[in-house]
Amino acid sequence: MYIEKINLTNFRNYTKQEINLNKNINILYGNNAQGKTNILEAIYLSGIGKSYRTNKDKELIKENEEFTNIEINFQKKDRNGKIFINISDKKNILVNDIKIKKMSDILGNINIVLFNPDDINIFKEGPSRRRKLLDIMISQLRPAYLYNLNMYLKVLEQRNNYLKQIKYENKTEEMLEIWEIKLAEYAEIINLYRKEFVEKIKEKITKNHEKITKNKEKIKIEYISDFTNKEEFLNKLKNHRKIDIIKGFSGIRHT
Ligand SMILES: Nc1ncnc2c1ncn2[C@@H]1O[C@H](COP(=O)(O)OP(=O)(O)OP(=O)(O)O)[C@@H](O)[C@H]1O
Ligand SMILES: [Mg+2]
């Protein structure tokens with residue numbers, strides 16, 4: 001897959017800009033604050049649907065303007081395609097001229113792997129950063145993954161709400177089981193996808209690392225998770241109920 005052309009209108013520091021790229025490696029160079037990273041941001045936005053630098057879409061609109069348009073033409077092995085994003089008071093996304101119904105429908109068209117200087121924190125920071133990286137990668141390849149992840153988070157929120165109701169409104173504890181069974185089911189699916197993905201990239205990473213280090217170093221990649229199986233996860237949740245009720249949120253988390 002490669003990006004042929006980027007068209008920006010009122011995006012960050014660009015009023016109107018067309019950028020043609022070639023099939024292989026493209027290097028963007030220029031002065032500081034010229035807008036190199038802004039171009040990467042536009043590409044990322046077209047792949048993932050949101051920026052990696054800000055949660056506020058409005059920041060992407062050029063100062064003193066009302067809207068921004070980002071259009072990207074790409075080529076795949078079997079087809080060409082177009083992503084069009086318009087941001088004003090709201091955000092509209094068109095894939096091949098058809099407006100998408102949910103944000104996640106943008107995924108899987110332009111596949112993105114972003115690496116920037118901050119990414120060194122993938123190793124330095126805690127596991128949630130690493131999970132986030134996995135989530136972004138897998139979601140682009142397997143749309144069902146994102147669905148299950150979102151469902152997991154939704155059910156977790158519902159369990160948390162109910163924990164508060166037990167605490168403050170004296171609701172019965174037994175009802176928690178409904179959400180716990182669902183949580184365990186989604187956790188299992190998420191875990192499977194993550195394991196599968198790490199297995200897949202393992203070989204490639206090992207080979208590339210050997211090349212870079214001229215065989216002097218060996219790299220080992222493993223997905224280590226507290227999750228073993230559905231039943232055990234369910235038990236953990238049950239055993240944690242008392243503490244969770246006091247705290248008002250789920251202490252055991254999988255994502
Ligand atoms: N919403 C906006 N409207 C207008 N200009 C903006 C907006 N957001 C950012 N900019 C401008 O974009 C420029 C920064 O662009 P960018 O971060 O892409 O630079 P860069 O070429 O990557 O620079 P560096 O080499 O320092 O990394 C700044 O001049 C900034 O003021
Ligand atoms: Mg930059």
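Numbers here are sequence positions counted from 1. Order of listing sets the numbers, starting from 1, for every ligand and every atom in it.
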Next on the checklist: Quick check on atom 31 (O) of ligand 1 - does any protein heavy atom sit closer than 4.0 Å to it?
Outcome noted: no
Item to check | Region of Ile39 that comes within reach of ligand 1 [heavy atoms, distance under 4.0 Å] | outcome: neither
Item to check | Protein contact to atom 4 (C) of ligand 1 [nearest heavy atom, distance to 0.1 Å] | outcome: Arg12 O, 3.2 Å
Next on the checklist: Using a plain distance cutoff, I'd like to know if Leu60 has any nitrogen or oxygen under 3.5 Å from a nitrogen or oxygen of ligand 1.
Outcome noted: no
Checklist entry - Does a donor on one side chain sit under 3.5 Å from an acceptor on the other, for Ser88 and Glu66? => result no
Next on the checklist: Below 4.0 Å, non-hydrogen atoms only: which portion of Glu41 touches ligand 1? Side chain, backbone, both or neither.
Outcome noted: neither
Checklist entry - Which atom names give the shortest non-hydrogen contact between Ile83 and Ile110, and what distance separates them? => result CG1-CD1, 3.8 Å
Checklist entry - Do Arg130 side-chain atoms and Glu125 backbone N/O form a donor-acceptor pair below 3.5 Å? => result yes
Item to check | Residue pair Ile166, Arg241: steps toward the side-chain contact (heavy atoms from CB on, under 4.5 Å) verdict | outcome: CA-CA 11 Å; Ile166 298 172; Arg241 278 181 184 173; over 6 Å; no
Next on the checklist: Considering non-hydrogen atoms of the protein only, which is the closest contact for atom 22 (O) of ligand 1, and what is the distance?
Outcome noted: Thr37 OG1, 2.6 Å
Checklist outcome for this item: The atoms of ligand 1 lying under 4.0 Å from a heavy atom of Gly35, numbered in the order shown, are 15 (O), 16 (P), 18 (O), 19 (O), 20 (P), 21 (O)
Item to check | Numbering as shown, the atoms of ligand 1 that approach Asn38 to under 4.0 Å (heavy-atom distance) | outcome: 12 (O), 13 (C), 14 (C), 15 (O), 16 (P), 17 (O), 18 (O)
Checklist entry - Would you call Lys182 and Glu185 a salt bridge, using N to O less than 4.0 angstrom? => result yes
Next on the checklist: Looking at the Mg ion (ligand 2), is there an N, O or S atom belonging to Thr37 that lies under 2.8 Å away from it?
Outcome noted: yes
Item to check | Arg53: numbered ligand 1 atoms lying under 4.0 Å from its heavy atoms | outcome: 17 (O)
Checklist entry - Does the side chain of Arg194 come under 3.5 Å of the side chain of Tyr145 through a donor N or O and an acceptor N or O? => result yes
Next on the checklist: Can you report which non-hydrogen protein atom sits closest to atom 26 (O) of ligand 1, along with the distance?
Outcome noted: Asn32 ND2, 3.2 Å
Checklist entry - Which protein heavy atom lies closest to atom 25 (O) of ligand 1, and at what distance to 0.1 Å? => result Lys36 NZ, 2.7 Å
Checklist entry - Nearest to atom 11 (C) of ligand 1, what protein heavy atom do you find, and at what distance? => result Asn13 CB, 3.8 Å
Checklist entry - Going by atom types alone, do Asn38 and Asn13 pair a side-chain donor with an acceptor below 3.5 Å? => result yes
Item to check | Nearest-neighbour protein heavy atom for atom 3 (N) of ligand 1, which is reported as residue plus atom name and distance | outcome: Glu63 N, 2.9 Å
Checklist entry - Hey, is the main chain of Ile106 close enough, under 3.5 Å, to the side chain of Asn109 for a donor-acceptor pair? => result yes
Next on the checklist: Regarding Asn92 and Lys99, do their side chains bring together a donor and an acceptor under 3.5 Å, going by distance alone?
Outcome noted: yes
Checklist entry - Taking atom CZ of Phe197 as the centre, does the number of heavy atoms from other residues, nucleotides or ligands within less than 6.0 Å exceed 12? => result yes
Item to check | Asn31 neighbourhood, listing ligand 1 atoms whose heavy-atom distance to it stays under 4.0 Å | outcome: 21 (O)
Item to check | Heavy-atom nearest neighbour in the protein, as seen from atom 13 (C) of ligand 1, with distance rounded to 0.1 Å | outcome: Ala33 O, 3.6 Å
